[in-house]
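Right, one structure below, let's go through it.
Protein chains get the first letters and strands the later ones, always in sequence-line order, with residue 1 at the start of each. In this text, all values refer to a predicted model and were calculated from it rather than measured experimentally.
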Amino acid sequence: MSLLFAPTMREDPQEAEVVSHRLMLRGGFIRQLSAGVYTFLPLGWRTLEKIIRIVREEMNRAGGQELLMPAMQPAELWKETGRWDLYGPELVRFQDRRGRDFCLGPTHEEVITDLARREIRSYRQLPLMLYQIQTKFRDEIRPRFGIMRAREFIMKDLYSFDRDVEGLRVSYQKMYEAYCRVFSRCGLRYIAVPAESGVIGGDVSHEFLILAESGEEKVFVCPSCNNATTVEEAVCPQCGGFLEEKRGIEVGHIFQLGTKYSEPMKAYFVDRDGKEKPLVMGCYGIGIGRTMAAAIEANHDEKGICWPISLAPYEVVVIPVNMKKEGHRQAAEELYGKLCQSGFEAVIDDREESAGYKFTEADLIGFPLHIIVGERMERSGRVEVKLRRTHERFEVQKDDVCELLEKIRKELLG
RNA sequence: CGGGGCGUGGCGCAGCCUGGCAAGCGCACCUGCCUUGGGAGCAGGGGGUCGGCCGUUCAAGUCGGCUCGCCCCGACCA
């Protein structure tokens, strides 16, 4: 860690009020460049990549194929769907040197539909699911809460193409399940609720919310049948029990678009019966950065972040209590090496700081597992393994550390 | 966009109301000594011209105007 670029802060920066924003700044995960525009520092980027990896694996598993579309998009496309005017000032617009209108994509229905109409001819090419993980731009009325509502943010957006509504339902269901897997794997408590479809449009839509005290959205959850809704009156028909009011952060949204874009953009295919029909589409988004923020909102304490192990920038930190003592240093280095070899994502806090300083910082950053190498090691060859979230402590012979951590990791991953 | 708040070394703040001639405190940073199981101690040191512009005044961080930026509340959203 002596060389890790993770500039931590002892005090709360005055611009940050929300927990996740505060902890990400203090822990050296992000830095702000402008309102709603952030740099992800090495720790922040590692966590982001953890989320991205999980999302990518689940999208692929569900049949999605990854591609990458341009952020820079010509106005003509947006005029075709009418959104050049409808989207409003939130759309980041600019002109190229020749005075042609462009925007930075806040979403990619137009671009993907354009691609589809050029390339999809036959029902034999369907169903198809294409997705990307990419930076989006929305000039938010009011960026807020750090990366929770940013003007530039990373989003996974997947688009499904089917022959008919039946097919769309199948694709939608697959995505619904994929989303459940994504958020479970992120170690988050989520809930899916039927939702309004807003500017994106379409008929059926669900929001995925991470349950957290600080959530902006009210949700009503039935504890027995686990159904949820954003409208109080809609009592779970299944059991008719009472509803618990909770709060959630929207991290994903899936929509059945139908032919809302394919029709105006003339994205047709030839069906088995030889007739030309509009593609039946769905779109499915996940806010990657927002998921990270939500994970912190839902997983922290007075001392700092308590990362779910699947999202932690590193799984384990090895802390030699006193770097000046050869014994501590050597044992810590040896352990660190072994952990890396055993496939752990580890760091060693080899700074010549006081033990207290290193403990405090390890808590702030939120490494799920701490290994403390101190006097006990000198006397008995034992080191201490500590769990960040539960404060559980284990004393083990240093040769048994890897084995113990394997076990703990397995448990933490559920 | 409406309402509120804030801009003073890297971070957190004081000073501003009641201009005054040395811009200060804590943390961080650098050097040395010492210390290392919960953000150690001592000594020495470097760094700001007070968001910007215009004005008032003998004199502006302090007063006035304009402007830029950031945060919070509201209407919208991954």
Side-chain angles (χ1 to χ4, degrees), chain A residues 7-18 21-22 25-26 28 31-37 51 55 86-91 105-108 133-158 179 182 195-200 205-210 216-217 248-255 283-294 303-304 319-325 328-329 349 351-364 370-379 383-384 386 391 393 395:
Chain A
T8 55
M9 294 187 253
R10 189 174 191 139
E11 283 164 291
D12 287 331
Q14 57 124 49
E15 75 265 19
E17 295 217 344
V18 188
H21 189 198
R22 252 177 25 220
L25 285 168
R26 286 194 49 204
R31 283 296 181 264
Q32 183 180 77
L33 179 64
S34 181
V37 182
I51 299 171
V55 168
L86 280 177
Y87 220 94
E90 200 171 303
L91 190 63
T107 176
H108 281 66
I133 295 166
Q134 184 223 35
T135 300
K136 298 282 191 265
F137 300 84
R138 295 186 190 174
D139 195 355
E140 287 286 341
I141 301 174
R142 187 182 153 212
R144 229 194 287 225
F145 308 146
I147 66 169
M148 199 91 89
R149 167 152 320 137
R151 294 195 292 175
E152 178 180 325
F153 58 98
I154 298 175
M155 180 167 128
K156 182 284 304 179
D157 47 326
L158 182 144
Y179 272 44
V182 165
E196 300 287 320
S197 42
V199 219
I200 311 282
S205 124
H206 284 84
E207 285 177 15
F208 282 77
L209 307 169
I210 301 301
E216 284 190 87
E217 295 206 37
I249 299 164
E250 184 187 356
V251 289
H253 204 149
I254 59 179
F255 304 85
C283 75
Y284 315 82
I286 292 179
I288 305 290
R290 187 179 283 186
T291 300
M292 174 174 172
K303 293 179 172 175
I319 304 177
V321 166
N322 186 346
M323 275 303 282
K324 289 253 168 70
K325 298 207 170 164
H328 295 194
R329 201 176 56 74
D349 196 342
R351 295 174 298 181
E352 295 201 359
E353 296 285 353
S354 72
Y357 179 89
K358 295 200 261 195
F359 295 154
T360 309
E361 206 152 89
D363 287 339
L364 172 64
H370 303 185
I371 297 173
I372 301 154
V373 182
E375 279 311 295
R376 265 166 253 181
M377 211 286 310
E378 304 266 44
R379 289 199 301 270
V383 299
E384 182 178 324
K386 202 176 84 183
H391 307 107
R393 288 155 189 273
E395 262 191 47

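- Checking the phosphate oxygens (OP1, OP2) of B/rG7, no side-chain nitrogen or oxygen of A/Q14 falls inside 4.0 Å.
- Summarising the geometry, the separation between CZ on A/R10 and P on B/rA28 is reported as 6 Å, rounded to the nearest angstrom.
- In this structure, the nucleotide among B/rU36, B/rC73, B/rA78 sitting nearest to the side chain of A/F145 is B/rC73.
- Spacing between atom CD of A/E395 and atom C1' of B/rG37 amounts to 12 Å, rounded to whole angstrom units.
- In this structure, A/R376 contributes its side chain and A/E395 its backbone to no donor-acceptor pair below 3.5 Å.
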* Would you please test A/R290 and A/F145 for side chain to side chain contact (heavy atoms under 4.5 Å, CB included) and show each step? => CA-CA 10 Å; A/R290 187 179 283 186; A/F145 308 146; over 6 Å; no

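- Remark: the separation of the C1' atoms in B/rC34 and B/rA40 is 10 Å, to the nearest Å.
- Across B/rC63 and B/rU18, the matching P atoms stand 9 Å from one another, rounded to whole Å.
- Pairing of B/rC21, defined by two Watson-Crick or G-U wobble distances under 3.5 Å, is not identified with any nucleotide.
- Proximity note for A/E140 (side chain, C-beta onward) versus B/rA78, B/rC70, B/rU36: the nearest is B/rA78.
- Residue A/R144 has no polar side-chain atom (N or O) positioned under 4.0 Å from OP1 or OP2 of B/rC77.
- Listed nucleotides B/rC73, B/rC77, B/rG37 differ in distance to A/R138; the shortest reach to its side chain belongs to B/rC77.
- Taking atom CD on A/E384 and atom P on B/rG37, their separation rounds to 13 Å, with Å as the unit.
- Nucleotide B/rU57 is matched to nothing when pairs are restricted to Watson-Crick or G-U wobble geometry with both distances under 3.5 angstrom.
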* To do: Go through A/M377 and A/I372 one step at a time and tell me if the side chain to side chain contact (heavy atoms under 4.5 Å, CB included) criterion holds.
  => CA-CA 9 Å; A/M377 211 286 310; A/I372 301 154; over 6 Å; no

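- Comparing B/rC76 with B/rG69, their C1' atoms sit 23 Å apart, to the nearest whole Å.
- Atom P of nucleotide B/rC77 and atom CG of A/D157 are separated by 18 Å, given to the nearest angstrom.
- Remark: C1' of B/rU35 and CZ of A/R351 are 17 Å apart, rounded to the nearest angstrom.
- Pairing partner, B/rC70: B/rG5, with both Watson-Crick or wobble hydrogen-bond distances short of 3.5 Å.
- The base-pairing partner of B/rG26, taking Watson-Crick or G-U wobble contacts with both distances under 3.5 Å, is B/rC11.
- Using atom C1' as the reference point in both B/rU8 and B/rG24, the two lie 10 Å apart (nearest Å).
- In the interface, the side chain of A/R149 is paired with the base of B/rC77 through a donor and an acceptor atom under 3.5 Å apart.
- Protein atom NE2 of A/H21 is 12 Å distant from nucleotide atom P of B/rC70, rounded to whole Å.
- With sequence neighbours left out, the side-chain hydrogen bond (donor to acceptor under 3.5 Å, both in side chains) criterion links A/E378 to no other residue.
- With the nearest nucleotide of RNA chain B identified for both A/I141 and A/A35, A/A35 has the one nearer the 5' end.
- With hydrogens and angles ignored, no donor-acceptor pair closer than 3.5 Å exists between the side chain of A/E375 and the base of B/rG37.
- The base of B/rG26 lies close enough to the side chain of A/E11 for a donor and an acceptor atom to sit less than 3.5 Å apart.
- By the stacking rule of 5.5 Å between ring centres and under 30° between planes, A/F153 stacks on the base of B/rA78.
- The two residues A/G248 and A/L209 make their nearest non-hydrogen contact at CA-CB, 4.2 Å.
- As rounded to the nearest Å, B/rU56 and B/rG65 have P atoms that lie 15 Å from one another.
- Distance check on atom C1': B/rC6 versus B/rG52 gives 16 Å, rounded to whole Å.
- Nearest nucleotide to the A/K324 side chain, out of B/rU36, B/rA78, B/rG38: B/rU36.
- Donor-acceptor pairing under 3.5 Å, judged by distance alone, is present between the side chain of A/D363 and the base of B/rG38.
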* Per-nucleotide protein contact string for nucleotides 43-48 of chain B (B base, S sugar-phosphate only, - none; heavy atom under 4.0 Å) -> ------

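- Checking the phosphate oxygens (OP1, OP2) of B/rA40, a side-chain nitrogen or oxygen of A/S354 falls inside 4.0 Å.
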* Asked: Where do A/E250 and A/E217 land on the side chain to side chain contact (heavy atoms under 4.5 Å, CB included) test, with the steps shown first?
  -> CA-CA 8 Å; A/E250 184 187 356; A/E217 295 206 37; 3.4 Å; yes

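- Residues A/D363 and A/K386 form a side-chain contact, since some pair of their non-hydrogen atoms from C-beta on lies under 4.5 Å apart.
- Here the rule is side chain to side chain donor-acceptor pair (under 3.5 Å) with A/E361, and of A/R26, A/R351, A/R10 only A/R351 fits it.
- Listed for the A/Y179 side chain is a donor-acceptor partner under 3.5 Å among the backbone atoms of A/Y284.
- On a pure distance criterion of 3.5 Å, a polar donor-acceptor pair joins the side chain of A/K386 and the base of B/rG38.
- Taking atom P in both B/rG19 and B/rG61, the straight-line distance is 14 Å, to the nearest Å.
- Counting non-hydrogen atoms under 4.0 angstrom, A/A16 reaches nothing in the nucleic acid.
- When the C1' atom is compared between B/rG74 and B/rG9, the two are found 37 Å apart, to the nearest whole Å.
- Both A/L33 and A/F208 sit near RNA chain B, but only A/L33 has its closest nucleotide nearer the 5' end.
- Not one side-chain nitrogen or oxygen of A/Q32 sits closer than 4.0 Å to the OP1 or OP2 atom of B/rG69.
- Taking CG of A/N322 as the start and NZ of A/K358 as the end, the distance is 7.5 Å to the nearest 0.5 Å.
- Side-chain N/O atoms of A/R376 include none lying less than 4.0 angstrom from OP1 or OP2 on B/rG37.
- Between A/E17 atom CD and B/rG4 atom P there is a gap of 17 Å when expressed in whole angstrom units.
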